[in-house]
Amino acid sequence: MEEALLGSKESTKETKTKEEPLSLNAAIKQILPAAATGYLFSIFEKVGNSCNLYFMSKENDPLIVAAIGFGNTWMMMFSLGLSFSFSSGLATLVAQSYGAKKLKLCAYTLHKGFVIAMLVFVLFLLTLLFFPPVLRILKYDPSLISTTLGYTMAMIPAQFGGAIFILLRMYAAGFQVFNLPVYIQMVFSVLEMIISYVLVYQMELGFVGLGCSRGFSEIGRTIVLYYYMKKDETFQDTLCWFEEGSFEGMKEQMKYQFYTGMITYIDLLTYLIGEMFIASMDLVELDASFCFISTLLIFLHIPMSVAGPASSFIGNSVGKQDYEKVKTYILASKYMVFGAAIVLSALIFIFSEPLSMVFLKDPVINAKIQALFIMYSLFMVFDCGQMFLPAVTRALGEENSSFKIMIVTDLIIGLAFQFFGGIVFKGGALGTWIGMQMAFSLNFVLQYRLLSQIDIKEAIARVQANLKEKEEKGKVPNQGESAIELKDVSSM
């Protein structure tokens with residue numbers, strides 16, 4: 001049995017199991033609840049952020065809206081964006097170890113992930129030292145710089161809490177526990193809106209009040225999530241303190257989380273640098289772009305909520321060496337992502353005018369926002385595809401190849417297209433976004449080609465070999481078959 005778990009040549013040819021073959025409909029039914037809870041998590045977080053923006057923009061001041069948008073860009077670039085991207089790889093590692101019944105390896109993976117998350121947070125703090133002088137050299141609006149810095153400093157406690165919450169949420173996803181973080185998120189989002197209404201809207205405490213409400217929400221939900229995970233038997237003996245084997249393989253995990261994280265982060269970074277380009281133009285263009293993306297994310301999270309659960313189910317099946325399930329989960333997630341993207345692109349095109357007036361009532365800005373919605377409706381299927389496919393290739397151990405594709409298409413070609421479309425040809429926010437989406441479309445084509453060329457049986461064998469190597473390096477004790485029986489806990 002031990003050889004089957006660790007992977008032999010015979011065991012990866014066909015998985016022999018007493019379970020009934022997984023049908024496509026059954027796979028969709030398994031992924032759908034996890035995707036729905038993931039969407040609820042994102043939407044409640046988005047509703048909280050949107051309410052904060054609404055409370056802060058009650059005077060219709062473009063500078064406040066622009067500062068919040070620019071500050072969020074900076075924090076996503078160096079704080080939560082990095083934390084989320086790097087932690088996404090951790091979920092895959094945990095899912096593979098959990099599927100192979102190596103619980104101690106799950107704990108050690110979390111320990112190393114915590115260290116990596118703290119390094120990212122320290123990096124964010126260091127960037128604040130260089131924020132004002134660098135932007136002054138680049139000749140950004142002085143009032144935008146000072147207002148943005150005040151907002152960003154007020155968000156430091158929230159960034160710390162958010163980084164740890166993301167880590168624990170991704171760890172839970174590796175065990176196929178998706179609902180618990182959502183329930184906690186829902187409660188704290190409601191509390192945050194109430195506190196923000198009192199401190200920001202009624203007492204007019206501005207960024208200080210906003211920082212207090214966000215900090216309470218992020219740190220509070222982190223503490224509550226850890227408390228319930230600690231009590232749950234699913235995570236028994238995996239939420240332990242650092243041990244001798246905790247840092248074994250640290251270099252390898254950092255490398256893995258870097259590659260898998262950069263697959264997600266490069267896509268995000270391309271967008272964020274595009275926002276930096278737009279911010280260098282004028283407040284009208286920045287307001288248009290920020291209001292557009294703030295509204296768009298409500299729709300974009302629907303297809304993209306499939307990516308995380310799909311990667312977890314695929315990674316878990318890879319860990320169990322179940323070839324047929326891997327194929328079925330990949331096909332099911334494709335139908336879900338691209339089906340949702342097609343429907344939503346049509347709806348965005350039809351309702352582009354009312355969507356452009358959600359946050360600001362300015363005819364010039366609203367016209368620019370509507371143009372962005374119409375443009376994006378033409379590219380949405382490609383954009384969703386290029387964000388989703390790397391989650392699948394990551395679960396199959398092909399993160400390096402996916403990373404190289406994104407470096408070329410998103411970072412090199414994408415930034416060049418944005419620069420020429422937005423600045424050289426004076427296309428403003430619309431020209432910048434068109435350039436970005438052209439590069440993303442190229443990325444989609446190449447990522448799809450990569451996935452179609454992967455031999456799934458060989459990928460399973462490689463992952464099993466990697467798990468065996470990690471077990472030997474970390475001296476992880478054999479958990480045995482009786483350690484845990486894989487069960488569906490997504491309805492928890």
Side-chain angles (χ1 to χ4, degrees), residues 1-28 30-31 88-89 91-102 105-106 109 174 176 252 255-256 259-260 263 306-338 385 388-405 445-473 479 481 485-486:
M1 184 63 185
E2 182 68 16
E3 288 185 4
L5 285 175
L6 297 177
S8 63
K9 292 182 180 179
E10 291 78 18
S11 65
T12 55
K13 289 180 181 179
E14 286 291 341
T15 300
K16 296 181 180 180
T17 176
K18 295 180 180 179
E19 297 178 9
E20 290 293 326
L22 182 70
S23 68
L24 181 62
N25 287 338
I28 292 175
Q30 287 184 19
I31 296 175
S88 61
T92 303
L93 290 175
V94 173
Q96 292 171 350
S97 299
Y98 182 57
K101 302 174 185 175
K102 302 180 187 300
L105 195 57
C106 293
T109 300
Q176 295 186 356
E252 289 78 7
K255 183 178 179 180
Y256 178 85
Y259 278 117
T260 57
I263 291 172
V306 176
S311 181
S312 180
F313 278 106
I314 294 168
N316 191 275
S317 298
V318 169
K320 294 174 66 180
Q321 305 179 75
D322 197 324
Y323 168 73
E324 292 299 331
K325 279 190 175 182
V326 171
K327 287 200 309 179
T328 306
Y329 282 130
I330 291 174
L331 184 60
S333 57
K334 281 183 181 178
Y335 281 141
M336 295 173 73
V337 170
F338 292 115
F388 159 70
L389 293 176
V392 179
T393 56
R394 178 180 71 229
L396 297 174
E398 290 291 341
E399 65 278 354
N400 288 357
S401 300
S402 186
F403 173 70
K404 292 174 183 176
I405 291 173
V445 172
L446 296 179
Q447 295 286 352
Y448 196 91
R449 181 173 177 268
L450 170 65
L451 179 59
S452 65
Q453 294 176 340
I454 294 176
D455 187 311
I456 296 177
K457 293 180 181 179
E458 290 183 3
I460 292 174
R462 284 195 301 270
V463 170
Q464 292 297 318
N466 289 337
L467 287 172
K468 182 177 181 179
E469 183 180 356
K470 291 175 187 176
E471 184 182 45
E472 291 174 348
K473 283 185 177 182
Q479 301 295 322
E481 215 175 356
E485 290 297 328
L486 186 61

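The analysis underlying the following values was restricted to heavy atoms, covering all of them including side chains, and did not include hydrogens, waters or symmetry mates.
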Shortest non-hydrogen contact from Ser333 to Phe388? OG-CZ, 3.3 Å
Check each of Ile460, Ile454, Asp455 against Lys457 using the side-chain contact (heavy atoms from CB on, under 4.5 Å) test, and report the only one that passes. Asp455
Pairwise distance OG1(Thr328) to CD1(Ile314) - rounded to 0.5 angstrom: 10.5 Å
Is any side-chain heavy atom of Lys334 closer than 4.5 Å to a side-chain heavy atom of Leu451? yes
Take Ile456 and Ile330, measure what side chain to side chain contact (heavy atoms under 4.5 Å, CB included) needs, and give me the verdict at the end. CA-CA 11 Å; Ile456 296 177; Ile330 291 174; 4.2 Å; yes
Within a strict 4.5 Å, meaning less than it, do heavy atoms of the Ser311 and Arg394 side chains meet? yes
Separation of Tyr335 OH from Asn25 CG (nearest 0.5 Å): 10.5 Å
I need the minimum non-hydrogen distance between Ala395 and Thr92, along with the two atoms involved. CA-CG2, 3.9 Å
Under 3.5 Å, side chain of Gln464 to main-chain N/O of Val318, donor-acceptor pair present? yes
Distance, nearest 0.5 Å, that separates CD of Gln447 from CD1 of Ile405: 4.5 Å
Got a sec: does the CZ of Phe338 have more than 12 other heavy atoms crowding it under 6.0 Å? yes
To check you understand the geometry: which heavy-atom pair defines the closest contact between Ala95 and Ser312, and what is its length? CB-O, 3.8 Å
With rounding to the nearest 0.5 Å, note down the distance linking CG in Asp322 to NZ in Lys327. 11.0 Å
So which heavy atom on Gly174 is nearest to which on Val94, and how close? CA-CG1, 3.8 Å
For Tyr329 and Gln30, which I'm curious about, is there any donor-acceptor pair between the side chains at under 3.5 Å? yes
Rounding to 0.5 Å, atoms NZ (Lys102) and OG1 (Thr109) come to a distance of 12.0 Å
Identified side-chain contact (heavy atoms from CB on, under 4.5 Å) counterpart of Leu396 within the set Val463, Val326, Leu450: Val326
Before you tell me yes or no, could you show the steps for Phe313 and Lys325 under side chain to side chain contact (heavy atoms under 4.5 Å, CB included), namely the whole-Å CA-CA distance, both residues' side-chain angles and the distance that decides it to 0.1 Å? CA-CA 9 Å; Phe313 278 106; Lys325 279 190 175 182; over 6 Å; no
